[in-house]
Visitor: 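After the structure tokens below, expect a handful of questions from me.
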Amino acid sequence: MALWVIGTLVAIVVTFGLALQIAIWRNGPAVLSAVDRVTGGARDTKQLARISTGEHPQQKLVVWGPEKEGHSRNAADSALPVLVFAHGGSWAKGDPDDYGFVARAFVPEGFIVVLVGYRLGEDGRYPAMLEDTATAIAWTRDYIDQYGGDPDRIVLAGHSAGAYNVVQVALEPRWLEARGASPDAIAGVIGLAGPYDFAPFDSESTIATFGQASDAAATQPVNHVRSNGPPMLLVHGEEDTLVRPRNSRVLAERMEQAGGHATLMTIAGLDHNSPLIHHAAPWRRNAKMIDMTAGFALAVTAPEALAATKPDETSVPVQDETR
């Protein structure tokens with residue numbers, strides 16, 4: 001092969017690699033979702049609605065469901081459990097429109113998926129992001145039956161900053177109660193690489209988002225654990241240097257001490273974004289992550305779990321399974 005041909009191919013590969021890196025830097029989730037769509041296909045899912053939940057453009061949610069209506073939306077026994085997902089981005093960036101891969105991961109597992117947006121940056125300083133997350137959950141409780149979802153079987157999930165949002169709203173009742181909803185409506189919570197115990201604030205993102213809070217301790221999920229909180233699955237990569245795994249460990253320990261329930265999964269070899277990336281194709285082909293998260297969500301929304309009256313009948317005890 002002529003040297004100029006080899007040189008041209010190398011130049012194309014280098015250019016493509018640089019372009020991909022720039023695209024990931026600018027909007028990693030959108031690139032990830034595009035890769036998922038190309039390599040994994042639509043997986044018989046479709047976007048059902050995009051809803052505004054406030055005057056700010058970032059106050060919105062996107063509803064996804066199965067492509068084919070295999071369920072009667074008017075029959076209670078045909079309604080699907082619901083996964084409400086909040087994106088990460090250091091409370092500074094992110095858009096639910098870029099997380100279609102999360103819907104394509106969970107809809108085929110039997111869920112209606114609600115991707116949540118919330119105010120970011122200066123507009124989203126504490127507690128604005130919690131107010132918006134609670135508003136989205138309350139909307140889901142009130143209206144998801146119109147899209148084939150069961151309002152009595154709602155599981156919250158989030159990655160990084162989004163994990164903080166859903167865990168804090170689930171543990172601190174006032175955010176949902178202010179919107180006419182109850183934390184009792186939450187069947188379970190999945191936290192992927194979430195920050196739950198990070199005061200005092202010493203990073204650019206936490207100072208910008210929480211630095212003005214009059215009571216730093218009140219902003220921390222670990223200080224709101226309660227015995228009757230929803231069961232949780234806390235997933236963290238052992239190689240996470242952005243949000244240290246101790247965040248999930250401490251939260252699980254505090255929940256155990258309070259009489260609550262959590263499953264802690266710390267996974268060797270995974271970094272901060274890996275628990276999220278493994279929900280997208282082609283990484284989803286290794287089904288361990290989705291089996292774990294979807295399996296948890298299905299377990300806590302099963303009829304026998306919902307019918308239980310004691311906390312220890314709805315979840316498994318705290319365990320730290322490093323793998």
Side-chain angles (χ1 to χ4, degrees), residues 27-53 58-71 73 79-89 94-118 132-133 136-137 139-141 143-151 153-163 165-166 187-192 233 235 273 275-285 287 289-298 300-301:
N27 193 341
V31 174
L32 183 61
S33 196
V35 171
D36 172 83
R37 182 65 177 81
V38 170
T39 62
R43 305 195 76 208
D44 295 323
T45 66
K46 67 177 179 179
Q47 188 178 121
L48 303 179
R50 182 182 285 105
I51 306 295
S52 173
T53 56
Q58 291 163 346
Q59 294 173 307
K60 63 181 178 179
L61 54 83
V62 186
V63 182
W64 287 73
E67 176 69 32
K68 299 178 182 178
E69 291 187 23
H71 324 276
R73 294 183 180 178
L80 298 174
V82 182
L83 184 97
V84 177
F85 178 85
H87 65 79
D95 190 317
D97 287 322
D98 296 331
Y99 285 78
F101 66 94
V102 174
R104 290 189 289 272
F106 284 96
V107 169
E109 300 294 328
F111 294 89
I112 298 296
V113 173
V114 179
L115 304 177
V116 173
Y118 50 93
D132 292 351
T133 301
I137 296 167
W139 180 94
T140 301
R141 173 73 177 175
Y143 298 107
I144 202 60
D145 60 334
Q146 299 179 16
Y147 301 95
D150 187 341
R153 295 195 287 164
I154 296 174
V155 175
L156 308 182
H159 172 248
S160 194
N165 291 4
V166 297
V189 182
I190 301 169
L192 305 176
L233 171 65
V235 182
N273 290 320
L276 179 67
I277 291 173
H278 278 73
H279 285 85
W283 301 272
R284 192 171 55 232
R285 292 170 186 166
M289 185 67 69
I290 189 66
D291 285 349
M292 178 169 54
T293 54
F296 169 86
L298 288 170
V300 296
T301 56

Visitor: Quick one: closest heavy-atom pair of T39 and R285, and the distance?
Guide: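 Scanning both residues completely, I find the closest heavy atoms to be O-NH2, 3.7 Å.
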
Visitor: Could you state the interatomic distance from CD (Q146) to CD1 (I112), rounded to the nearest 0.5 Å?
Guide: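 Rounded to the nearest 0.5 Å, the CD-CD1 separation comes out at 12.5 Å.
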
Visitor: After noting the C-alpha distance and the side-chain angles of T45 and F106, does the key distance pass the side chain to side chain contact (heavy atoms under 4.5 Å, CB included) rule?
Guide: CA-CA 9 Å; T45 66; F106 284 96; over 6 Å; no

Visitor: Applying salt bridge (charged side-chain N to carboxylate O under 4.0 Å, His left out) as the test, list every pair that has at least one member in residues 105-115; sequence neighbours left out.
Guide: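 Residue pairs with at least one partner in residues 105-115: there are none.
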
Visitor: On a heavy-atom basis, which atom in P66 and which in V107 lie closest, and how many Å separate them?
Guide: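 Result for this residue pair: N-CG1, 3.5 Å.
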
Visitor: Not counting sequence neighbours, which residues clear salt bridge (charged side-chain N to carboxylate O under 4.0 Å, His left out) with D44? List them please.
Guide: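 D44 satisfies salt bridge (charged side-chain N to carboxylate O under 4.0 Å, His left out) with no other residue.
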
Visitor: Determine, step by step, whether V84 and V166 satisfy the side chain to side chain contact (heavy atoms under 4.5 Å, CB included) criterion, reporting the C-alpha distance in whole Å, the side-chain angles of both residues, the deciding distance to 0.1 Å, and the verdict.
Guide: CA-CA 9 Å; V84 177; V166 297; 5.8 Å; no

Visitor: Checking D97 now: which residues fulfil side-chain hydrogen bond (donor to acceptor under 3.5 Å, both in side chains) with it, not counting sequence neighbours?
Guide: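 D97: side-chain hydrogen bond (donor to acceptor under 3.5 Å, both in side chains) contacts with R50, K60.
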
Visitor: Got a sec, which residues hit side-chain contact (heavy atoms from CB on, under 4.5 Å) with D36, two or more places apart in sequence or on another chain?
Guide: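 For D36, the residues satisfying side-chain contact (heavy atoms from CB on, under 4.5 Å) (neighbours in sequence not counted) are F101, R104, A280, A281, R284.
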
Visitor: If I compare all heavy atoms of A86 with all of Y118, which pair ends up nearest, and what's the gap?
Guide: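 For A86 and Y118, the tightest heavy-atom pair comes out as CB-CE2, 4.4 Å.
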
Visitor: Where do F111 and A294 come nearest, in terms of heavy atoms and distance?
Guide: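 Shortest heavy-atom separation between F111 and A294 comes out as CZ-O, 4.1 Å.
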
Visitor: Would you please name every residue forming a side-chain contact (heavy atoms from CB on, under 4.5 Å) with A136, sequence neighbours left out?
Guide: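 Result, side-chain contact (heavy atoms from CB on, under 4.5 Å) vs A136: L61, V116.
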
Visitor: Can you name the side-chain hydrogen bond (donor to acceptor under 3.5 Å, both in side chains) partners of H278, sequence neighbours left out?
Guide: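 Partners of H278 under the side-chain hydrogen bond (donor to acceptor under 3.5 Å, both in side chains) test: none.
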
Visitor: Indicate yes or no: at least one non-hydrogen side-chain atom of F85 is less than 4.5 angstrom from one of L115.
Guide: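 F85 vs L115: side chains touch.
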
Visitor: Please tabulate, for the side chains in residues 155-162, all donor-acceptor contacts under 3.5 angstrom to protein atoms that are two or more places apart in sequence or on a different chain.
Guide:
unit_1, atom_1, unit_2, atom_2, d
H159, NE2, H272, O, 3.1
S160, OG, H272, NE2, 2.9

Visitor: Which residue pairs satisfy the side chain to side chain donor-acceptor pair (under 3.5 Å) criterion with at least one member in residues 80-89, sequence neighbours excluded?
Guide: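 As it turns out, there is no side chain to side chain donor-acceptor pair (under 3.5 Å) pair with a partner in residues 80-89 once direct neighbours are skipped.
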
Visitor: side-chain contact (heavy atoms from CB on, under 4.5 Å) with A49: which residues, sequence neighbours excluded?
Guide: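 A49 satisfies side-chain contact (heavy atoms from CB on, under 4.5 Å) with I51, V63, Y147 once adjacent residues are dropped.
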
Visitor: For S33 and Y99, indicate whether the former's side chain and the latter's backbone hold a donor-acceptor pair under 3.5 Å.
Guide: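 Judged by distance alone, no pair lies under 3.5 Å.
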
Visitor: H279 and L192: side chain to side chain contact (heavy atoms under 4.5 Å, CB included), yes or no, with the steps?
Guide: CA-CA 11 Å; H279 285 85; L192 305 176; 4.0 Å; yes

Visitor: For R141, check side-chain hydrogen bond (donor to acceptor under 3.5 Å, both in side chains) against everything at least two apart and list the hits.
Guide: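 For R141 the side-chain hydrogen bond (donor to acceptor under 3.5 Å, both in side chains) partners, ignoring immediate neighbours, are D152.
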
Visitor: Side chains of D132 and T53: closer than 4.5 Å at any heavy-atom pair?
Guide: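 SC-SC contact between D132 and T53 ruled out.
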
Visitor: Of T301, D145, I137, I144, which is the lone residue that meets side-chain contact (heavy atoms from CB on, under 4.5 Å) with V82?
Guide: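 Only one option passes, and that is I144.
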
Visitor: Only counting residues at least two apart or in another chain, list the ones meeting salt bridge (charged side-chain N to carboxylate O under 4.0 Å, His left out) with R37.
Guide: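 In terms of salt bridge (charged side-chain N to carboxylate O under 4.0 Å, His left out), with neighbours along the sequence ignored, R37 is linked to no residue.
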
